[in-house]
Number of protein chains: 2
Amino acid sequence: MDFRPIQAKKIYEEVVEQIRQLMENGSLKPGDKLLSERELAEKLQVSRASVREALRALEMMGFVEIKAGGGTFIKETSGDDIIQPLAMFLSIEKGSFFEIYEIRKIFEIAAAHLAAQRATPGDLARIEENLEMMKAAMTEDDSEKGEGSDAAFHFSIAEATQNGWLVRLLNTIADSFNKSISIARRQLYLTPGHPQLLIEQHTKIYEAIRDKNPILAQKTMLEHLSFAEGAMAKTLKIEPEFKLLT
Amino acid sequence: MDFRPIQAKKIYEEVVEQIRQLMENGSLKPGDKLLSERELAEKLQVSRASVREALRALEMMGFVEIKAGGGTFIKETSGDDIIQPLAMFLSIEKGSFFEIYEIRKIFEIAAAHLAAQRATPGDLARIEENLEMMKAAMTEDDSEKGEGSDAAFHFSIAEATQNGWLVRLLNTIADSFNKSISIARRQLYLTPGHPQLLIEQHTKIYEAIRDKNPILAQKTMLEHLSFAEGAMAKTLKIEPEFKLLT
DNA sequence: TAAATGTTAATGGTAAGACCACTGATCTTT
DNA sequence: AAAGATCAGTGGTCTTACCATTAACATTTA
């Protein structure tokens, strides 16, 4: 006999699917207000609890925003939050320091390369601005400001690639990463001589991008990241598992 | 007066947070069985519905597996599914073809580079095996088998990097991507002359990795991906927004 | 008139109880 | 010992009820 299993899909998944399709074909646009939970339950012929579970799932994935007492709305900027689960995972998963950092290196190197090809004058101005802020932070001996402008520097380079997805992914990885090793990162700035080195490295990166030299940009970025990796690994007392990306 | 707003965190978020912390500090290990929904509700002094909403969220993010009638378990291989929302997003978001493909190129090129440095004899054997399967698929004119072995070929290269995270991320992106453009992908194999070209390209990639030549590996991989991108864009009638990654 | 205030209906948030289908282990029968 | 029946436990779903918040409307007040 050629029987096929009876459909046993969970109800909330069906609800998610229907809403997803409405978003896909454009019937639901960002900002739109969804039917109330009670109305949805009635229309779909399911309990309100099932509708709620579906909306929870969509909320976690960043597709809708639920306002208590107000209603449920299709979220405007889906995309940034899509990767929230990744951030959560990074807080749990231990011992993959070099694996994650390698991925970050892959992204950042590519970003530097692309930025050198595509950066607009406005992009360059932003990058330089962040670089100047780093220098100011050093002379003021303000390590917190230093870290902030450092992150902003890398962010502005990612933006210069004109690839929104690259910006989102790189940011998620870098943010989660910086959080999970904040101690080592702090140490990176407090070690005598390091601030000057970091500024030199950042300056080289900026100049390569400014001069529209993709190869040099990715080379200087790699040198910078490898240096930071080594310094932080030292603080964390970890040994690299294999040869670094070159 | 200096009042601060009362914390009005949603209950299910609190539940998620508590479970997350238990996973983070190791009290909950992969494979462990969670308390039943009813027990959790009693221990946490919340309703079962709230517990269920929390478990739904954890399920969507791939941290737990819920078996009807069996129980809830901490998932073994969290990581593959972490990015499921990404797959859903790709089905909604239009017009980011080149952005996503660029990210895929970044990953694949880096993977080829690293594979050439780190591939073990076993890795090389697997890569070659998939290459042979592609050739067989071509002589048999089996386009489905061709696509499958093509994906397997790229997967085995990613595995050869010895970086589990790279494998996971690249797979998620490549899978979602291939699904969303399955028509164009099919066309890629049905166009006269293309199968031979694809095999030539794959062979060059394999040889570069085998000869432990990272630079050549990433060059041949880029050529291959750019060719595929151009062919698929033609089918989809899309024009690149900017110069391709070089 | 216009701003502040009170009212109210709708909405999401939570709780409690009930029943069903499925799972897995135990017990019974063969 | 193997096969089948039994049964307690679990997630899946539905129903009902009440609370807290929101936003729109109506009212009062300066």
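So you know, we letter chains A, B, ... as the sequences are listed, proteins then strands, and number each from 1.
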Rounded to whole Å, the CD-C1' distance (A/Q45 to D/dG12) equals 18 Å
Practice task
Check for a donor-acceptor pair, side chain of B/E39 on one end and backbone N or O of B/S36 on the other, with a separation under 3.5 Å.
Solution key: yes
Original post:
Which is true for B/I11 with a 4.0 Å heavy-atom rule: it touches a base, it touches only sugar-phosphate, or it touches nothing?
Top reply: sugar-phosphate
Short side-chain to backbone donor-acceptor contact, B/E99 and A/W165, under 3.5 Å:
yes
In whole angstroms, the gap separating C1' of C/dG12 from CD of A/E39 amounts to 13 Å
From the candidates C/dA15, D/dG12, D/dA17, the one with an atom nearest any side-chain atom of B/R48 is D/dG12
Closest of D/dG11, C/dA15, D/dC14 to the A/S50 side chain is D/dC14
Result for 5'-nearest mapping on DNA chain D, choosing between A/Y12 and A/G70, is A/Y12
Of C/dG12, D/dG11, D/dT13, the nucleotide closest to the side chain of B/A68 is D/dG11
Between NZ of A/K33 and P of D/dA23 the distance, given in whole Å, is 9 Å
Rounded to whole Å, the CD-C1' distance (A/E37 to D/dT15) equals 15 Å
Whole-Å distance, A/L44 CG to D/dT13 C1', equals 14 Å
From CG of B/L40 across to C1' of D/dG9 the rounded distance in Å is 15 Å
Among the nucleotides D/dT13, D/dC14, C/dT14, whichever has the atom closest to the side chain of A/V46 is D/dC14
Whole-Å distance, B/R52 CZ to C/dA16 P, equals 16 Å
- With respect to the phosphate group of C/dG12, does any side-chain polar atom (N or O) of A/T72 fall under 4.0 Å of OP1 or OP2? yes
Report yes if at least one side-chain N or O of B/S47 is closer than 4.0 Å to OP1 or OP2 of C/dA15; otherwise report no. yes
Of C/dT11, D/dG12, D/dT13, the nucleotide closest to the side chain of A/S36 is C/dT11
Of the listed D/dC14, C/dT14, C/dT11, the closest approach to the A/A49 side chain comes from D/dC14
To the nearest angstrom, the CG-C1' distance between B/L55 and D/dT10 comes to 12 Å
Ignoring hydrogens and angles, does a donor from either the side chain of B/R38 or the base of D/dG11 sit under 3.5 Å from an acceptor on the other?
yes
Inset, instruction - Please report the C-alpha distance between A/Y12 and A/E17 in whole Å, then the side-chain angles of each, then the deciding distance to 0.1 Å, and finally whether the side chain to side chain donor-acceptor pair (under 3.5 Å) criterion is met. - result: CA-CA 9 Å; A/Y12 88 96; A/E17 182 56 20; over 6 Å; no
Is it true that a side-chain atom of A/S156 and a backbone atom of A/A152 form a donor plus acceptor pair closer than 3.5 Å?
yes
Review point. Is a donor-acceptor contact shorter than 3.5 angstrom present between the side chain of B/R56 and the base of D/dG11?
Key: no
Original post:
Just by modelled atom types, is the A/A160 backbone N or O under 3.5 Å from a matching donor or acceptor in the A/Q162 side chain?
Top reply: yes
